Each structure stands twice: as structure tokens, then as C-alpha cells.
Amino acid sequence: MANNLRFQVVEEAFKKRAVDVKAPSERPSEYFGKYVFNKEKMYRYLPKQVYDKMVDVMDNGASLDRSIADAVAAGMKQWALEMGVTHYTHWFQPLTEGTAEKHDAFVEFDDGKAANEREQSQADLSSAEHEQARTKFKGGMIEKFSGKLLVQQEPDASSFPNGGIRNTFEARGYSAWDPTSPVFIIDDTLCIPTIFIAYTGEALDYKAPLLRALHAVGKAAKDVCQYFYDDVTKVQVNLGWEQEYFLVDEGLYSARPDLLMTGRTLMGHESAKNQQMDDHYFGTIPDRVQAFMKDLEIQALELAIPVKTRHNEVAPNQFELAPIFEECNLAVDHNMLLMSLMKKVARNHGFRVLLHEKPFDGINGSGKHNNWSLSADFATPHSDQRSENGVLLHAPGKTPEENLRFVTFIVETLMAVHRHNGLLKASIMSATNAHRLGGNEAPPAIISSFLGTQLTELLDHIEQSDKNELFNLKGKQGMEIDIPQIPDLIVDNTDRNRTSPFAFTGNRFEFRAPGSSVNCASAMITLNAAMAEALNSFKERVDAKIQAGENKVSAILEVLKDDIKTCKPIRFDGNGYSDAWVKEAERRKLDVEKSCPVIFERYLDETSVRMFESTKVMNRKELAARNEVKWETYVKTVQIEARVLGDLAMNHIIPVSTHYQSQLIKNVQGMNDVFDADKASRLSARNMKLIEEIAERTEKIERLVDELTDARRVANRIESIHERAIQYHDTVCPKMEAIRYEIDKLEMIVEDGLWTLPKYRELLFIR
């Protein structure tokens, strides 16, 4: 049995060496954005007045003048053709956690008009020569790309997840150009970032509501900033995501049908060594992985994705990549593009990238930490501007007035998180992320916020103070480490808490709960809409006090005191994994629900609907449709896993186990032929025990697979997708866990040479 597929792919994987990656001759700063129609390209290929209008749209949120679309399209086409492009596509983000694209060639039939247009610029041509040119080219093919094709297209809206908004006989939907996210080239195709909406106007994607949420929070934050600054021009949302992932040799991957079909191992006993030695984290990057990372970074930088950090993560064969912070909408687009790029590059290096949140049981899963902040821009440079992104509103200031601004935005963020903690959990929940949350350094399924000692003490002081006075904050402190050669360290004002889902980290909040495979936009839509609601409420109450005769500082502090007291339950700096915290969170009336389908219900709470509608991010119909999609996706995910597990159990595990059992039986029979009964019984005792254990476990697996099939049938008969999802969670998932337990026990007793599926020690340690 040593010739089975598992041993073949293991041997091949051991022989593989790093792919040679040739770096560009230019420095990264020179090839950055090579395949992006950025401002530098716009300046070269667009008329000056068109360029100015585009910059106004991109930088200041001005409305797009559709009349310039033809000129923009012409410039884009000229650049694209020079880059060898032959096709274009509207690139959008449907509710599938991936991207979608339909490629169209630039070619059109030449009706003679194009030839006429080409010759019009040559004034010395006679009318006869113009006519000759039209006749010459008429009926051939031309490369054409108009403003109409740039601005709008019509994908089939009934074929993407839509939650019942579109029926098969109501297929029309529209993709519309998002000019704030630059066009880019992948292979031979010009990719145009777009929103995707139904014929009836509802959003069918992530980008449309994200743009609405960013507009809402930008306006609300700007209004509040005017309490502190006279010349604020806009407030921008910044996002820095951290993308965790696993790499598995493609041969080992292809020999695991569960990885191939579901993205995770549905069975597999942990290896003797996993991550307990902490030797993989920040360790030397393996050669094959280093080559993959180098190739990925070059291609990412050419697409203007500002990748900066790479390292080994905690679990074996787990890694991380992180970029420089960007404007939120662009950062989301870049993350979606990067995930697609990772899969492509990995295959060129003989790997498969695993973005599933928990591909392996018993070790760390993969998250996508969302580092979120707000920054203000001003008409003139500001004294507190310590970032290229303007003044970071969640960063302490240099004056008491600026520190009041800092506390205001901290407290109102806490208000948003407190008021909608269940909804924020729903925004990051999925069938895949549910496996990750609550252990192995992933935050628990209870949303809370870690602030650190200094900020906690400051908020407590403000809440308890009888006076409405401004205050100062301590800066970073030095730490002496008693080594003469080493300079003093500068210590941050907050520690880190890996069990906190929403932690303050000095000048931003780190939302650690989002999973590695999802679109960041889901969490960002909810967080920014909730923040907009909190800031609007804050301003209304402060304005009311000012109108009643109270001075501005006193009015702000009075409202902050109320809000600090209100949102206090969301603040937690302790161990999020402890049983005591679950009880305490329940006492604080935080959402402690763990069932994924039930958690999705938070989207349809009246407080959630009111928040989304008041900020004009999504209406009730859109929210209901998205929940239908979430429940349906949950059901399909678990359904596929259950089918794959049943197939593997019956067609791989049981045949291998019973084959080994037969060998043991023959051994026992041989013992009886050679030795007397007593000695044969004594020498065969272990084998007899294994024969019995295999029989019991395989019988149990067969019974559980039948029960699993019956549980699916019962669930599938439930008409309501909501109730069906709950039934899958309550009845199907437990059966799968029970089957896995039995299989993992069999893996440890069946002869290694017979086991057909690559084991954890091979999947995690062969690089």
C-alpha cells in the first residue's frame, strides 16, 4: 500500500524547490502602479480640464460629470492598448465573498464613422479622400471603447445572490463605474471597479452600501470636527487589513477531497507537534514560501497594492501579509484583488493558498484584522497633522482642546460598538468564521472593546468629575532596560489584548473578529454606519445644550459623561476566553449568542434597521434580502461539507479501516495455527482489541452517516430558509463533529501505510 496517492504526493512535495522569481530591474517605487490608471496616467492621457474634474471626484467626492465619460474612456483605451490590453470588464463584488467579471473585447464592426473620425484631425484631406477612407475601412473591425461602456453595463442580476429581490424572469441589473477606485489591468483585461445594483435600485453588492456608509460617517464626523477645528474640509475613513493565510503543497491539497471541496479539513488528528513550541511565529521564512511572497509582492505593487509586511504566523504553514493603510473603499478593493492574486501566484509556485478561517483543527485559524481610523483634512496644514492622511481623530493631541476631540471620537466609537455589538458580530459571522472564533488567539463571539489602563482611567475620571474642565494626556514613556548598548525603549500607552474583538491600539481601533476569507466591506459597512449614527446623535445633543445657553466645552463634556456611563458595559480589558467573562457579558446585556444563523437575525432588529435607514446606507428590503443570502449561504456551506464528509467516511475511511481489520484477523488466525490456544490468545490480545475497536467505530460511523443524511433531509424539507439554517446548525453540524471524532480515533490505530489521506504532519510541515 506504500504506492497509494498519499505517499506519491508526499514524495513529490519533498522534492520541490523554490521557483526562481526574477525581480524587475527598477526599484519598487518605480514600478508601483504600473498596471493602474492612476493620477499620473490620467495626467498623461486625459485633457487638462477632464483631468481636473476627475481629481475633484476622487479627492473631494464631487459628482461625476457624465459628459466627460467619453474623454476618460478614450484616454483609458489609449493607455490600455499601449499596454497590450484586448478586453475590458466591469469588476464588482457580489454577495459571494468574491469578485465577478464579464470580459468584452474592444472590437466593434467599423461602420465608416471611425475612419472618418481618424481622418478629421488631418485638415489637408479633401472630401473625396475622406470618403475614400470611410469606404476603405467600412465593414472591417475597429477597437472601440466609449464613455457609455465605461460608465454602465448590465450583468444578469438574477444569477448572483440577491435574497429574492430578482427572479429568473426579472434578470436586469446594472454595474456602474466607481471613479474613486482606479481602473487596473489584469493579464489582457482592463478592469473597471463598479457597484452592482438591481433594476429596481437595491444594492446587490458590497461596494454600493460601503460607499454610502463612508459618505454618512464622513459627513457626520466632519460636522463634529467643526467643534474643534474651523477649517476642516473632509473626514476620511482609513483601513489597514492584515491578511492571514495558509499555504499547502498542491499535491497534498489535491489528495484531500475535503480541502479541495470545502477549503478545510473535515477530519484529521492533530500531529504530535503543531504550534506548541512557538517556533514558527516570526521564524525564518521557508525558501519556497519566500519565493511565493516575493512574486506576490511584485505583482501586488504593480497593481498599486501597497504591501509592506510579511512574516510567518503562529501555526505551521501559516503566514501573514499586510499593507500600508489606505482610504477604506480603495483598501477593500485592494484586498479583494489581492486574494484573487494570491490564489493565482500560489499555483505558479506549486502551492494552494487556504483562506478558510479554520482549515485545520486544534491550531490557530486565520483572521483579517481590520485596523480602522478616521482622519480629517484641512484647508491649510494643521499643527496636529502627524500623518499623511491628515489628523488622526482617534489619536491624542498636543493641546487640551485636541485631547477633547480625541476623547470625543473614542467615546462615540464605543457608543456605536455598544449600541450595535450584536450587529457587528453578525457582520463578521459566517459558517467558516464560526469555527475560528473563541480560541487559538481568535477573539470570542462576544463583541467588547479593550482600551488599556491609561485611557480607561481617563474616561473614568471624566465620568466621575464634578467639573467640566479640559485635560492633558501623558505621552509615551521611556523604559530603561539596563543594557548599556541598547537605547531606552519608548512604550505605548496601551498594551495589546489578543482576545479582544475591538481593541484600541494607540491611534486606531483593531477589529480582530473578521475572518480571512470574507470581504472587509461587510464589517466596514456596519461599523461606519453605526459610527455615523453615534456622531449624529452626539451632535444633536451637544447642539441642544449650546442652544440652551451652555458653553461649547461644557456641553461636549456633559454629553460625553452620559455616553461614557452608557457604553461602559462594552469596555473589557480581561481574558475574553474565560467562562467568567461569558457570564459577566450576559449580565452586562451584551450579545452572547453563538449560533451563526441566529446571530444573523441582528440585521433585522428594529434598532439595526433604523440605524441603516437613518444613515441611508441600506433599507429594510435590502437588509432582508441580504439575510436571505446569509442564511442560504450558511445552509449550502454546511450541506456541501456534510456530503463530502459522508462520502469520505464511507468510501475512504471505512474501506481502509476494515482492510486493516482483515489483516489483523488473519494475524490472529495465524497465531492460533502456530501456538496453543492460551499462548495465541495472550499474543493476540492487542490485535483482538484493535479488531473490536475498529468494528465498533466503523459501525458507529455508518450509523452516524445515516443519521447525518436523515438530518439533512429533514432540514431540507423546511420551507423557511431562516429556520432551515437553524436546523442545519442544531442537527447537522453536531453529527459531523461526532463523525469526525470517530474518524480521528481510527487514524491513530490504522496502519500508517494504509491511510490514504495526507495527515496533518504532512499538510502542515512539508513546505
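All values derive from a computational prediction rather than experimental measurement. Just so you know, residue 1 is the first one in the sequence shown, and it goes up from there.
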Side-chain donor-acceptor contact under 3.5 Å, [X] with [Y]:
X    : Y    : result
N371 : T505 : no
E313 : Y245 : no
N335 : Q243 : yes
N364 : Q318 : no

Tell me if a side-chain donor or acceptor on [X] pairs with a main-chain N or O of [Y] at a distance below 3.5 Å.
X    : Y    : answer
S578 : N575 : yes
S449 : F502 : yes
K41  : V36  : yes
T615 : M611 : yes
N551 : V553 : yes
E584 : A580 : no
N433 : I428 : yes
S375 : G390 : no
D573 : L451 : yes
W581 : G574 : no

Side chain proximity check, [X] to [Y], heavy atoms < 4.5 angstrom:
X    : Y    : result
S427 : L527 : no
C225 : L393 : yes
T194 : W91  : no
L46  : M42  : yes
Y227 : V232 : no
D333 : K207 : yes
R212 : K616 : no
L623 : S608 : no

* Asked: Can you name the one residue among E320, M339, R512 that meets side chain to side chain contact (heavy atoms under 4.5 Å, CB included) with K368?
  -> M339

For the student: nearest non-hydrogen atoms of [X] and [Y], plus distance:
X    : Y    : value
P209 : A203 : CD-CB, 3.7 Å
L374 : N238 : C-ND2, 4.1 Å
F406 : P396 : CD1-N, 3.6 Å
F184 : P193 : CE2-CG, 4.0 Å
C520 : V332 : CB-CG2, 4.0 Å
W177 : V72  : CH2-CG1, 3.8 Å

* **Derivation and outcome, side-chain contact (heavy atoms from CB on, under 4.5 Å), residues F228 and V391** => CA-CA 12 Å; F228 311 102; V391 172; over 6 Å; no

Flag the pair [X] and [Y] as a salt bridge only when some basic side-chain nitrogen lies within less than 4.0 angstrom of an acidic carboxylate oxygen.
X    : Y    : value
E40  : R44  : yes
K583 : D579 : no
E297 : K308 : no

* Working for salt bridge (Lys or Arg N to Asp or Glu O under 4.0 Å), residues K234 and D59 -> CA-CA 10 Å; K234 73 171 184 178; D59 289 352; 5.7 Å; no

* **Set of residues satisfying side-chain contact (heavy atoms from CB on, under 4.5 Å) with respect to K561, sequence neighbours excluded** => I462, N468, E558

* To do: Please determine which of F511, F509, F572, F450 meets the ring pair (Phe, Tyr, Trp, His ring centres under 6.0 Å) test together with F504.
  => F509

* **Candidate pair K552 and V542, rule side-chain contact (heavy atoms from CB on, under 4.5 Å), full reasoning** => CA-CA 8 Å; K552 182 177 70 175; V542 170; 5.5 Å; no

State the [atom1]-[atom2] distance between [X] and [Y], to the nearest 0.5 angstrom.
X    : Y    : atom1 : atom2 : answer
I570 : I446 : CD1   : CD1   : 10.0 Å
L459 : D563 : CG    : CG    : 11.0 Å
L338 : L303 : CG    : CG    : 9.5 Å
L535 : T413 : CG    : OG1   : 7.0 Å
L392 : R508 : CG    : CZ    : 9.5 Å
L560 : R541 : CG    : CZ    : 9.0 Å

* To do: Could you check T526 against R602 for side-chain contact (heavy atoms from CB on, under 4.5 Å), going step by step and ending with a plain yes or no?
  => CA-CA 11 Å; T526 299; R602 300 288 75 77; over 6 Å; no

* Asked: In terms of heavy-atom contacts, does CD of E586 have more than 12 from other residues, nucleotides or ligands at under 6.0 Å?
  -> no

* Flag if over 12 foreign heavy atoms under 6.0 Å of CG, N60 ->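 Enclosed.
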
* Run the numbers on D56 and K53 for salt bridge (Lys or Arg N to Asp or Glu O under 4.0 Å), then give the verdict. => CA-CA 5 Å; D56 194 26; K53 289 182 179 180; over 6 Å; no

* Is the centre of the H394 ring less than 6.0 Å from the centre of the W372 ring? ->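 When the ring centroids of H394 and W372 are compared, they turn out to be within the sub-6.0 Å range.
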
* Asked: Taking only residues at least two apart or on different chains, which pairs with a member in residues 419-430 satisfy salt bridge (Lys or Arg N to Asp or Glu O under 4.0 Å)?
  ->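 Non-adjacent pairs meeting salt bridge (Lys or Arg N to Asp or Glu O under 4.0 Å): R419-E533, K425-D591.
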
* V55 and Y43: CA distance, side-chain angles, deciding distance, side-chain contact (heavy atoms from CB on, under 4.5 Å) verdict -> CA-CA 10 Å; V55 170; Y43 188 81; over 6 Å; no

* After noting the C-alpha distance and the side-chain angles of R436 and E244, does the key distance pass the salt bridge (Lys or Arg N to Asp or Glu O under 4.0 Å) rule? -> CA-CA 13 Å; R436 163 182 168 258; E244 295 176 337; 5.3 Å; no

* Asked: What's the verdict on side-chain hydrogen bond (donor to acceptor under 3.5 Å, both in side chains) for E97 and Y206, showing C-alpha distance, side-chain angles and the deciding distance?
  -> CA-CA 9 Å; E97 304 303 332; Y206 283 109; 2.6 Å; yes

* Check the pair R405 / E401 against salt bridge (Lys or Arg N to Asp or Glu O under 4.0 Å), numbers first and verdict last. => CA-CA 7 Å; R405 175 267 303 158; E401 291 79 7; over 6 Å; no

